[in-house]
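Down below is the structure, laid out as structure tokens.
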Amino acid sequence: MDPFSDEPTELGQTGVLVRIVVGGRRQVAPDAVLRALVARAASVPSDDVELVHACDECGARHGRVHVAYPLTASGAHRYADVAIDGGAIIAATGTRHPLGVAVEPAAAESGVLIDEAALHPDERRALRSLGPDEAALVRATLWARKTALLRALGHTDFIEPSRLAVSAPNEDGGVGRIERGVPEFGSFWRAVSFHDVPVPGPRAASVAILG
């Protein structure tokens with residue numbers, strides 16, 4: 001049923017299972033990793049798992065993956081997503097809350113314009129106090145968190161990432177929160193959490209959970 005020998009990891013008490021596949025397995029497709037993870041969580045054959053990448057509302061390929069089958073015992077949809085950077089694949093699935101996954105490379109210099117578009121002024125100020133290597137990893141983690149959030153939200157009005165401020169990854173122990181939300185979120189943003197997952201190499205990965 002599960003072609004991967006390593007055990008998936010649960011993110012705290014969220015009920016979300018995560019599997020990280022890095023190198024060593026040639027030509028492993030991200031969907032194959034996610035399908036195997038969903039199959040393991042649902043106790044069904046991986047060949048039976050149906051993943052849909054088209055948005056339910058507009059049909060475009062954006063946002064998190066939709067699990068058409070299997071459903072939960074109550075008939076609800078499972079939540080799942082997968083992201084890839086180079087040879088690193090991160091897949092996650094759960095039944096309680098929508099989620100999104102992202103992995104980003106850590107670049108020593110991203111450029112002023114990119115930072116202004118992606119990061120809140122508070123985040124940019126905090127980065128200036130860090131050394132180059134630490135700043136690169138923190139920047140990548142902040143962007144991974146925001147990208148994962150946008151994937152979890154799926155079809156929604158565009159939200160500029162620079163309007164959101166999330167907690168500092170080097171200070172929150174790898175479980176982040178939105179510190180400055182936007183009016184479009186109402187009070188919803190207080191229930192969002194970010195769970196960073198360790199990946200080798202100069203990159204950062206995170207799972208955003210809505211609620």
Heavy-atom pair with the smallest gap, counting every atom of [X] and [Y]:
X: A140; Y: A106; result: CB-CA, 3.8 Å
X: A36; Y: S46; result: CA-CB, 4.2 Å
X: P169; Y: D196; result: CB-OD2, 4.3 Å
X: P45; Y: A39; result: C-CB, 4.0 Å

Is there a continuous path of hydrophobic side-chain contacts, each under 4.5 Å between heavy atoms, that joins [X] to [Y]?
X: W143; Y: L127; result: no
X: L210; Y: L17; result: no
X: Y69; Y: L51; result: no

Answer whether the closest heavy-atom distance between the side chains of [X] and [Y] falls below 4.5 Å.
X: S206; Y: V197; result: no
X: E123; Y: V166; result: yes
X: P183; Y: R163; result: yes
X: V18; Y: P8; result: no
X: D115; Y: S162; result: no
X: I20; Y: I89; result: no
X: L119; Y: P161; result: no
X: R78; Y: L71; result: no

Just list the side-chain donor-acceptor pairs under 3.5 Å for residues 172-181, sequence neighbours left out, or say none.
| residue | atom | partner | partner atom | Å |
| --- | --- | --- | --- | --- |
| D172 | OD1 | R145 | NH2 | 3.1 |
| D172 | OD1 | G174 | N | 3.0 |
| D172 | OD2 | R145 | NH1 | 2.9 |
| D172 | OD2 | R145 | NH2 | 3.1 |
| D172 | OD2 | S167 | OG | 2.6 |
| R177 | NH1 | V192 | O | 3.2 |
| R180 | NE | D122 | OD2 | 2.7 |

Residues in side-chain contact (heavy atoms from CB on, under 4.5 Å) with [X], at least two apart?
X: H66; answer: V52, D56, A68, H77
X: L137; answer: T141, A204
X: A91; answer: V33, L34, L37, V82
X: R64; answer: Y79, D81, P98

Return the [atom1] to [atom2] distance between [X] and [Y], rounded to the nearest 0.5 Å.
X: E160; Y: H120; atom1: CD; atom2: NE2; value: 11.5 Å
X: L149; Y: I209; atom1: CG; atom2: CD1; value: 12.0 Å
X: I90; Y: R19; atom1: CD1; atom2: CZ; value: 13.0 Å
X: L153; Y: I159; atom1: CG; atom2: CD1; value: 5.5 Å

Note to self: Under 4.0 Å between a side-chain nitrogen and a carboxylate oxygen: does that hold for R40 and E7?
What the structure shows: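 Answer for the salt bridge query: yes.
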Notebook entry, point to check: Could you give all pairs that pass the salt bridge (Lys or Arg N to Asp or Glu O under 4.0 Å) test and reach residues 42-54, with sequence neighbours left out?
Noted result: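 Salt bridge (Lys or Arg N to Asp or Glu O under 4.0 Å) check on residues 42-54 returns no pairs.
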Margin query: Strictly by salt bridge (Lys or Arg N to Asp or Glu O under 4.0 Å), give each pair with a member in residues 94-106 just once, sequence neighbours left out.
Written below: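 Residue pairs with at least one partner in residues 94-106: there are none.
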Item checked: side chain to side chain donor-acceptor pair (under 3.5 Å) involving T72 - partner list, sequence neighbours excluded ->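 Per chain and number, T72 pairs via side chain to side chain donor-acceptor pair (under 3.5 Å) with S74.
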Check: Has the side chain of S129 got a donor or acceptor atom that lies under 3.5 Å from a matching backbone atom of A126?
Finding: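 Checking the backbone N and O of A126 against the side chain of S129, a donor-acceptor pair under 3.5 Å is found.
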Item checked: Pairs involving residues 187-211, ordered by first then second residue, that meet ring pair (Phe, Tyr, Trp, His ring centres under 6.0 Å) (sequence neighbours left out) ->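 Found F185-F188.
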Check: Quick one: salt bridge (Lys or Arg N to Asp or Glu O under 4.0 Å) partners of R203, sequence neighbours excluded?
Finding: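 With sequence neighbours excluded, R203 shows a salt bridge (Lys or Arg N to Asp or Glu O under 4.0 Å) to D85, given in chain and number order.
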